[in-house]
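Residue numbers begin at 1 in each chain, while the letters A, B, ... track the order of the sequences.
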There are 2 protein chains.
Amino acid sequence: METARSSERQRTAAERRRRELLEAADRVVLRDGPQASMNAIAAEAGITKPILYRHFGDKGGLYRALAKRHTDALLSALRAALDAPAERRARVESTLDTYLAAIEARPQVYRFLMHPADGAADTADASPTAEQGFDVGRHSAPLLRRLGEELGQVIVERVDLGPDSEQMARIWGHGIVGMMHAAGDWWLADRPCSRERLVSSLADLLWGRLAEAGDRDVKGGPGF
Amino acid sequence: METARSSERQRTAAERRRRELLEAADRVVLRDGPQASMNAIAAEAGITKPILYRHFGDKGGLYRALAKRHTDALLSALRAALDAPAERRARVESTLDTYLAAIEARPQVYRFLMHPADGAADTADASPTAEQGFDVGRHSAPLLRRLGEELGQVIVERVDLGPDSEQMARIWGHGIVGMMHAAGDWWLADRPCSRERLVSSLADLLWGRLAEAGDRDVKGGPGF
DNA sequence: GACTGTTGTTACCGCGAGTAACACATGGTT
DNA sequence: AACCATGTGTTACTCGCGGTAACAACAGTC
């Protein structure tokens, strides 16, 4: 074998192929939602199933690869907003807005990333005769986790919490990401308000307005 | 038909049957995770598939019924903590703790409720020839949504926000629930800290400590 | 005893994930 | 030239699962 040249050519060719396949898969997922079948994806790419499986192993592999692309893109956009040289509140609002704008612009992609099929099987994996029947592989967790860890990092780097700040920053990172995600998910379903309003309300929440607000008169009077 | 007596007897019998089936399904889901098959559930209940389908229509129906039971139980526990006659911070902490204790105590149930298979297909439903191939039906969304709405209600009832408080309360409800959920999910994976610490950190976050904390010295000096 | 409805069964369909086995090209080795 | 190694592509299958049709058995009613 002549090794170098040709094998390299082939490798890059394979990578290009892989990208093409991913783009085809992207189109199908965008059209059919997360339950897009391997047959459909293969058809869209103009080839047949086994090729997909040679490239990605199984459906989970394809979906992971697909998710990684979008996740990376989203993450870099968020990082930019988060690392901007501005007041903290402005940074927070701009990050929230970036996220919401992203999911608003491409809800199909969002749904694919966040609400895919699951197939967890934590400890149940160890069951006999059950090593091959399972498929997809979590994506929603990875994305949310990555976001949470990332945000935790930023917090621990830029915000001065007391002792044990590392741990608290991670907690907050995941908590804030979850807040953003859940509120975004709810908001996306039937936009009950403008994006600006949602952003500023969430920022208000993070800014402690829940603690500051007074009690409302409850029927039963002040004795309650 | 003799109507009254016997039909009523049959209805209650059917209901008892239904409960038995749900309990069997519960056991299987607890053992096999969310991807438990209808065959397995039927076997566990000591009967065969068609009976399951007669009772629940399809897999989504069964899972919905199953989810409803757990959801209702969790919700009532949370409501109790949330409606207790205590300071707001204490109520918030106790609610968070209730939730976390619940998911800690029965992680399998939690995983079933929160990370089930999905099969969304929003607008794609309208595709031809695709009215029968789809199955499960979202659960995670319903639970989170219910929690969020519920919390929003409580906030609007008990906290005095400014004008337009209704909308902000709903936003906050969903946001806080999402925070709790994401932090809990992350925490559950590999308990990085005690439950108390998690609870108090999240409460701190809601109490505006993020806004109060000072900037940390960033390399590049104060000019940044 | 014939009629009706419920409870249960077996045996099947359709579909999607994943695989085995075979066919064709290409380019280096002898 | 013939040879074979490797990557690309196909067809045609297995297997498991959701879901259903068709039939069997057994109440209680008229």
Side-chain angles (χ1 to χ4, degrees), chain A residues 1-18 20-21 25 28-29 32-63 116-119 121 127 129-137, chain B residues 1-18 20-21 25 28 32-43 45-64 116-119 121 127-137:
Chain A
M1 56 171 146
E2 38 53 75
T3 55
R5 251 90 44 188
S6 103
S7 81
E8 184 161 339
R9 224 174 42 219
Q10 295 203 352
R11 217 194 57 226
T12 63
E15 282 170 7
R16 230 190 34 226
R17 200 82 173 99
R18 187 185 164 96
E20 291 173 17
L21 296 184
V28 175
V29 164
D32 294 356
Q35 83 288 8
S37 82
M38 293 299 262
N39 270 320
I41 293 173
E44 169 73 26
I47 44 99
T48 49
K49 273 195 297 178
I51 302 185
L52 279 183
Y53 283 94
R54 282 224 261 273
H55 275 275
F56 301 103
D58 63 352
K59 189 170 185 171
L62 205 181
Y63 275 35
D118 211 43
S127 71
T129 79
E131 54 207 309
Q132 52 91 13
F134 122 104
D135 42 322
V136 272
Chain B
M1 52 173 152
E2 38 52 77
T3 55
R5 253 87 49 186
S6 102
S7 81
E8 183 161 343
R9 224 173 44 220
Q10 296 203 351
R11 217 194 56 225
T12 64
E15 283 170 7
R16 230 189 34 228
R17 199 80 172 103
R18 187 187 164 95
E20 291 172 17
L21 296 185
V28 176
D32 294 355
Q35 83 288 9
S37 81
M38 293 299 262
N39 269 320
I41 294 173
I47 44 95
T48 48
K49 274 194 299 178
I51 302 183
L52 280 183
Y53 284 94
R54 282 226 255 273
H55 274 275
F56 301 103
D58 62 353
K59 189 170 187 174
L62 205 182
Y63 275 35
R64 253 187 305 276
D118 212 44
S127 71
T129 79
E131 55 208 308
Q132 53 91 14
F134 122 103
D135 40 323
V136 272

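- As rounded to whole Å, 13 Å separates atom P of D:dT8 from atom CG of A:Leu52.
- Remark: P of C:dG16 and CG of A:Asp32 are 11 Å apart, rounded to the nearest angstrom.
- Using five terminal pairs a side, the axes of the helix from C:dG1-D:dC30 to C:dT30-D:dA1 at its two ends make an angle of 30°, given in steps of 10 degrees.
- Atom CG of B:Asn39 and atom CG of B:Leu52 lie 9.0 Å apart (nearest 0.5 Å).
- When rounded to the nearest whole Å, the span between OH of A:Tyr53 and C1' of D:dT10 equals 16 Å.
- Among residue pairs with one or both ends in residues 36-45 of chain A, those qualifying as salt bridge (Lys or Arg N to Asp or Glu O under 4.0 Å) are A:Arg27-A:Glu44, A:Arg31-A:Glu44; sequence neighbours excluded.
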All N/O contacts under 3.5 Å from nucleotides 9-12 of chain C to the protein, with atom names and distances to one decimal?
| from | atom 1 | to | atom 2 | distance (Å) |
| --- | --- | --- | --- | --- |
| C:dT9 | OP2 | B:Thr48 | N | 3.0 |
| C:dT9 | OP2 | B:Thr48 | OG1 | 2.3 |

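- For the pair B:Phe56 CZ and D:dT20 P, the computed distance is 15 Å after rounding to whole Å.
- In this structure A:Tyr53 satisfies the side-chain contact (heavy atoms from CB on, under 4.5 Å) test together with A:Met38, A:Lys49, sequence neighbours excluded.
- With sequence neighbours excluded, the residues that form a side-chain contact (heavy atoms from CB on, under 4.5 Å) with A:Ala40 are A:Val28, A:Asp32, A:Ser37.
- A:Arg17 places its CZ atom 21 Å from the P atom of D:dT6, with the value rounded to the nearest Å.
- With sequence neighbours excluded, the residues forming a salt bridge (charged side-chain N to carboxylate O under 4.0 Å, His left out) with B:Arg17 are B:Glu20, listed by chain and number.
- Residue A:Leu21 contributes atom CG, which lies 12 Å from atom C1' of D:dG9 at whole-angstrom precision.
- Of all heavy-atom pairs between B:Phe56 and B:Leu62, the closest is CB-N, 3.6 Å.
- The distance from atom CE of B:Met38 to atom P of C:dG14 is 20 Å, rounded to the nearest whole Å.
- A straight line from NZ of B:Lys59 to P of D:dT20 spans 14 Å, rounded to a whole angstrom.
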* To do: Step by step, work out the side-chain contact (heavy atoms from CB on, under 4.5 Å) result for B:Leu21 and B:Ile47.
  => CA-CA 9 Å; B:Leu21 296 185; B:Ile47 44 95; 4.2 Å; yes
